[in-house]
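None of the values given here were measured: they were computed from a predicted structure. Note that ligands are numbered from 1 as they come in the structure, with each ligand's atoms numbered from 1 the same way. What's counted below: heavy atoms across the whole structure, side chains too, no hydrogens, waters or symmetry copies.
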Amino acid sequence: VSSGAVPLIERKKNGGELAPDEIRALLAGYLDKSIPDYQVAAWLMAVCWRGMTEGETLAMTQAMVDTGATLEWADLDRPTVDKHSTGGVGDKTSLVLVPLMAEAGAAFVKMSGRGLGHTGGTLDKLESIAGFRTELGLEEMGAQVRRIGCALVGQSPALVPADGALYSLRDVTATVDSVPLIASSIMSKKLAGGAGTIVLDVKWGSGAFMTTPEAARELAGALVRIGDGAGRRTRAVLSSMREPLGRAVGNALEVREALDTLNGSGPADLWALTLELGTHLMLLSGLASSADDAVRTLTALRDSGAAARRMEMLVEAQGGDPRVVARPDLLPAAPVVRTVAADADGWVAEAEARGIAEAALQLGAGRLRKGDPVDPAVGVVVLARVGDRLAPGAPLAEVHARTEAAAEAAEARLRAAFRLSPEAVAAPGEPYETVG
Ligand code: URA
């Protein structure tokens, strides 16, 4: 069989197209070890250079889905929705959106990952709630969704086993940054999750995977074409990740901010993105007849406290203390809190997501290697946003640290992430761009 892989690698190397069966055979051979990983790696590198056609990308995604289990929700009496963010700094949107959409009448099983490098992971954030279990079996997860309409869980290993295997090979062969490979990896997990409506939040900027809007647009297009091709109602929203989303970066700090947002007192940009993604989910799944209707419904569910009560049900169902929703002060807190002040006056021209994330990482909020522990309590709260006018001594950020020495080291790194300008800088306020 392994000699059979050579002509396929050769064809892709020369810019040709593989048939769906050929892609399926490569994946199956990789998983059953009849095709060695060096041949799969050579093919992945050829894909990086030559790309994949739309048909190949869809075939690749479907072949990946077929390597594992898929979730079925046909018996549910509510529309199933899902979302995915390509990852960023301070992105805690799922923690707000999942209970909100469940309250609005959707079934929402959100499978998430852990943080790695400078980007945070929803599972690490949730585990800052004492006792919260993210590893639910498929049966328990299904029962929970039927009972309360939502679950926030780890990606089930029963779904798309090919993705984990391929990703670890891509990781060590410099073949991660290929649009068809990223798109098929993301969408295989969404398709296997079984939702009828999928909204993708594609980030761009220093804190994101895709640094430019052009690159984000290209990925968004590929994601939406796969979703449409597989018969799901799919849309992508482009959003900026130059500054962190909201103010909090760090696990318990982010959970607190998400709970504040559910309780009506969170930062405006986090609520705006939640509403934007929620509006598309409502429209595509038939839960709202217009964008105005969706915004009105979602806002009312926040204001009445219904969405917060739905979050209490979710936390309780998954083993956490539901009182934390109304009392985020029950979350772990860092012993050292230090304010970093501006040393000049001027307008904030940059509050760079990547640098702020690295300061939080250095404090222990993230991990450098898979499997490293994270400290739930530490992180950064950003107090100065791009466009703010600051007087000397005005706060830029708060460092939440385990020790004075850690706070001191993070302060230096954090300062370098901010740039002040003597001239007025406008707040970004970019409109969201929609693809699909
Ligand atoms: N996220 C994924 O799930 N897969 C990729 O390939 C890249 C980012």
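The salt bridge (Lys or Arg N to Asp or Glu O under 4.0 Å) test applied to R50 returns no partner, not counting sequence neighbours.
Under 3.5 Å, the side chains of S34 and D32 contain a donor-acceptor pair of N or O atoms.
Of the options S185, G113, S178, the smallest heavy-atom separation from atom 2 (C) of ligand 1 is shown by S185.
Looking only at protein heavy atoms, the nearest one to atom 1 (N) of ligand 1 is I186 CG1, 3.9 Å. Looking only at heavy atoms of the protein, atom 3 (O) of ligand 1 is closest to K189 NZ, 2.5 Å.
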- Task: Determine, step by step, whether E22 and K12 satisfy the salt bridge (Lys or Arg N to Asp or Glu O under 4.0 Å) criterion, reporting the C-alpha distance in whole Å, the side-chain angles of both residues, the deciding distance to 0.1 Å, and the verdict.
- Result: CA-CA 11 Å; E22 293 171 326; K12 184 44 74 183; over 6 Å; no

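Applying the salt bridge (charged side-chain N to carboxylate O under 4.0 Å, His left out) test between D163 and each of K189, K190, R170 identifies K189 as the sole match.
Considering backbone and side-chain atoms alike, H84 places every N or O at 3.5 Å or more from each N or O of ligand 1.
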